[in-house]
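Reckoned from all heavy atoms, side chains included, excluding hydrogens, waters and symmetry mates. Residue numbers run from 1 in the order of the sequence given.
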Amino acid sequence: RKSLSDFKSLIVQRNEVFEKKAAAAPKPLALIVGAAHVKDLEARFAKKNQAFKVFTPPGLGVTADKLVEELERAFQE
């Protein structure tokens with residue numbers, strides 16, 4: 001459980017960095033991140049009314065917004 005909590009905390013920390021760098025970068029901007037970062041970044045950008053588009057590659061196996069939830073379920077078993 002602590003490992004999952006640490007993982008989620010690291011996602012938030014890294015997303016804070018992504019958000020700052022995106023705000024300072026010239027526009028338009030492409031930000032490419034792994035699936036675990038998508039849900040939090042979507043919320044951050046929506047809160048600031050920043051336009052964004054999420055592309056999920058075919059064959060990912062789990063949607064980006066469900067990845068952390070899948071990990072939580074796996075650790076509870």
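Listed by first and then second residue, the side chain to side chain donor-acceptor pair (under 3.5 Å) pairs involving residues 20-36 amount to none (not counting sequence neighbours). Residues in residues 9-18 take part in these side chain to side chain donor-acceptor pair (under 3.5 Å) pairs, two or more places apart or across chains: Ser9-Gln13, Asn15-His37, Asn15-Asp40.
At a threshold of 4.5 Å between non-hydrogen side-chain atoms, the residues Leu31 and Leu41 count as touching.
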Checklist entry - Would Lys48 and Glu19 satisfy side-chain contact (heavy atoms from CB on, under 4.5 Å), going step by step from the backbone distance to the final call? => result CA-CA 11 Å; Lys48 292 184 175 184; Glu19 182 182 23; 3.1 Å; yes

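Linking ILVMFWY side-chain heavy atoms closer than 4.5 Å, directly or via other members, places Phe52 and Leu29 in two distinct hydrophobic clusters. No continuous path of ILVMFWY side-chain contacts below 4.5 Å connects Phe18 to Val12, so the two sit in separate hydrophobic clusters.
In this structure, Glu42 does not pair ionically with Lys39, as no charged nitrogen and carboxylate oxygen lie closer than 4.0 Å.
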